[in-house]
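In listed order, ligands and their atoms are each counted from 1.
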Amino acid sequence: MATDIKALRRDFPTLAQIVNGHPLVYLDNAATTQKPQPVLDALNHYYRDTNANVHRASHALSGQATRAFEQAREKVARFIHAPSAREIIWTRGTTEAINLVAFSVGRHFLKPGDEILLSTLEHHANIVPWQQAAAATGAVLKVIPLTDSAELDLDAAGALISERTKLLAIGHVSNALGQVNPVAELIRLAKAAGAVTLVDGAQAVGHFPVDVQALDCDFYAFSGHKMFAPTGIGVLYGRSEWLARMPPWQTGGEMIKTVSFEATTFNEPPFKFEAGTPNIAGAIALGAAVDYLQAQDRAALMRHEDTLLQQLLTGLDAMADIRIIGRPRAGAVSFVMGGVHPQDLATLLDMQGIAVRTGHHCAMPLMQALALPQGTVRASLAFYNTSDDIAALLAGIDKARELL
Ligand SMILES: Cc1ncc(COP(=O)(O)O)c(CN[C@@H]2CONC2=O)c1O
């Protein structure tokens with residue numbers, strides 16, 4: 001049965017807008033995705049019907065809120081095939097998830113001379129926390145270079161991995177170039193050297209199924225707002241053996257067992273890592289986003305997205321003044337138009353109702369490596385985009401060219 005994309009689009013109210021006198025063509029999904037009505041309803045239902053704080057329930061509303069909150073955790077565990085919901089920690093997003101590991105693993109277990117292995121493709125959220133951990137511990141960063149086609153150089157990665165490699169932090173999908181990294185192979189190589197492995201999955205979970213057990217990573221981080229859920233809620237999956245060893249990174253209420261002025265004992269994971277009142281509505285709505293995705297034929301949606309990607313790549317390739325950067329395979333396509341500042345092109349596209357992103361995409365080291373000081377124009381897809389959206393973008397570029 002073909003997936004009816006036009007019917008799915010009706011689930012996303014924001015897509016029906018008119019922008020600058022034109023129907024919205026939303027191609028900035030790598031920045032944040034739109035939210036389906038069931039996710040919006042879940043937010044509203046919590047605040048309208050079951051609003052209460054969670055855990056330590058002493059009344060009916062709090063019991064309902066706690067059950068919904070913990071059911072959402074169970075849903076996320078199943079969504080990424082984690083062995084247990086106890087390995088699912090709610091965070092504000094990918095950035096906070098990575099900071100948690102950089103603090104509770106990096107700063108507590110790294111020693112002078114230890115090596116943290118990153119890649120040139122990383123988002124700042126998967127660079128700066130490790131830089132801070134290295135500065136605090138005397139560990140050093142090692143960076144996997146790019147090939148001539150701007151892809152991660154797996155051979156170079158193998159040569160960089162040694163007994164000094166104590167932590168690998170790698171993006172699953174590049175937010176800037178839409179490249180899918182060989183994370184399973186990198187994890188295998190790093191684990192063989194005895195390293196801890198973290199995957200930044202921000203740009204993966206909204207596009208294809210993720211299986212943390214198949215990947216065999218120790219940590220997997222992602223944001224709800226990249227997978228059709230609200231902002232301010234994200235997930236850190238952590239292998240239970242590591243969560244048991246890690247000290248808490250924020251302290252206060254919820255994350256304790258006992259407190260006295262003499263000493264404090266901490267709660268068990270995941271609660272040890274969830275200090276204070278959590279984003280209850282966000283977590284429940286993330287659970288609703290998981291339900292929504294799992295009710296779809298995700299293989300069909302992936303085929304649809306890939307068809308759109310090929311349509312876009314073919315159209316851009318046919319333009320003599322457009323250069324596609326890298327080899328995009330999921331979500332995002334970055335390109336430059338000869339001699340035109342990316343923002344100038346994006347502004348002319350916005351005037352036609354077409355939303356794209358420009359600049360360094362929080363990947364300054366990547367732009368430096370690619371000698372793109374002005375960054376790129378990035379169009380990024382989701383399953384609710386259509387062939388008409390791609391055609392509108394390509395026509396919009398042609399029209400912008402006439403105005404430049
Ligand atoms: C690969 C990757 N890692 C980490 C993050 C940080 O996520 P949070 O902001 O949710 O913590 C992002 C955000 N993507 C940025 C946000 O806007 N445009 C982007 O490409 C990302 O794409």
Side-chain angles (χ1 to χ4, degrees), residues 26-35 76 80 89-103 118-132 143-144 150-152 168-181 183 186 198-208 210 215 217 219-237 249-250 279 282-283 285-286 289 325-326 328-335 342-343 346 355-367 370 372 375-382:
Y26 186 75
L27 293 168
D28 194 21
N29 293 285
T32 197
T33 55
Q34 300 304 334
K35 319 310 171 190
V76 169
I80 61 172
I89 298 167
W90 296 122
T91 67
R92 284 186 303 123
T94 309
T95 303
E96 186 171 72
I98 295 172
N99 272 275
L100 193 166
V101 179
F103 183 86
L118 309 176
S119 92
T120 307
L121 287 162
E122 298 314 311
H123 182 282
H124 294 162
N126 204 26
I127 296 173
V128 183
W130 303 115
Q131 261 176 348
Q132 298 300 304
V143 182
I144 303 169
E151 295 181 287
L152 187 147
L168 166 74
I170 193 77
H172 204 159
V173 177
S174 162
N175 70 305
L177 307 186
Q179 292 174 172
V180 181
N181 288 323
V183 290
L186 285 164
L198 175 141
V199 177
D200 169 353
Q203 295 294 343
V205 287
H207 294 288
F208 51 79
V210 167
L215 287 176
C217 54
F219 299 97
Y220 197 95
F222 61 93
S223 303
H225 72 100
K226 311 277 188 189
M227 51 165 285
F228 317 102
T231 53
I233 188 71
V235 170
L236 173 69
Y237 156 76
W249 86 297
Q250 290 181 332
N279 180 355
L286 176 47
I325 311 301
R329 288 187 172 82
V333 175
S334 259
F335 58 92
Q343 189 51 50
V356 295
R357 178 63 62 99
T358 65
H360 53 68
H361 313 295
C362 296
M364 287 181 176
L366 173 61
M367 295 300 145
L370 296 172
L372 291 171
T376 72
V377 178
R378 182 189 71 184
S380 51
L381 307 172

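Checked by atom type and distance alone, the side chain of Gln203 never pairs as donor or acceptor with a backbone atom of Gly178 at under 3.5 Å. The main-chain N or O of His225 is never found under 3.5 Å from a side-chain atom of Ser223 such that the two would form a donor-acceptor pair. One N or O on the side chain of Asn279 and one on the backbone of Gly232 form a donor-acceptor pair closer than 3.5 Å.
Evaluation of the ring-ring contact (aromatic ring centres under 6.0 Å, His included) rule for His123 yields no partner, not counting sequence neighbours.
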Check ligand 1 for close polar pairs with the protein: N or O on both sides, less than 3.5 Å.
| residue | atom | partner | partner atom | Å |
| --- | --- | --- | --- | --- |
| ligand 1 | 3 (N) | Asp200 | OD1 | 3.2 |
| ligand 1 | 3 (N) | Asp200 | OD2 | 2.6 |
| ligand 1 | 10 (O) | Ser223 | OG | 2.6 |
| ligand 1 | 10 (O) | His225 | NE2 | 2.7 |
| ligand 1 | 11 (O) | Thr94 | N | 3.4 |
| ligand 1 | 11 (O) | Thr95 | N | 2.9 |
| ligand 1 | 11 (O) | Thr95 | OG1 | 2.6 |
| ligand 1 | 14 (N) | Lys226 | NZ | 2.5 |
| ligand 1 | 18 (N) | Arg378 | NH2 | 3.3 |
| ligand 1 | 20 (O) | Asn175 | ND2 | 2.8 |
| ligand 1 | 20 (O) | Arg378 | NH1 | 2.7 |
| ligand 1 | 22 (O) | Gln203 | NE2 | 2.7 |

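Exactly one residue among Leu152, Leu168, Leu366, Leu186 makes a side-chain contact (heavy atoms from CB on, under 4.5 Å) with Ser119. That residue is Leu152.
The aromatic rings of His360 and His124 are tilted relative to each other, their planes meeting at an angle between 30° and 60°.
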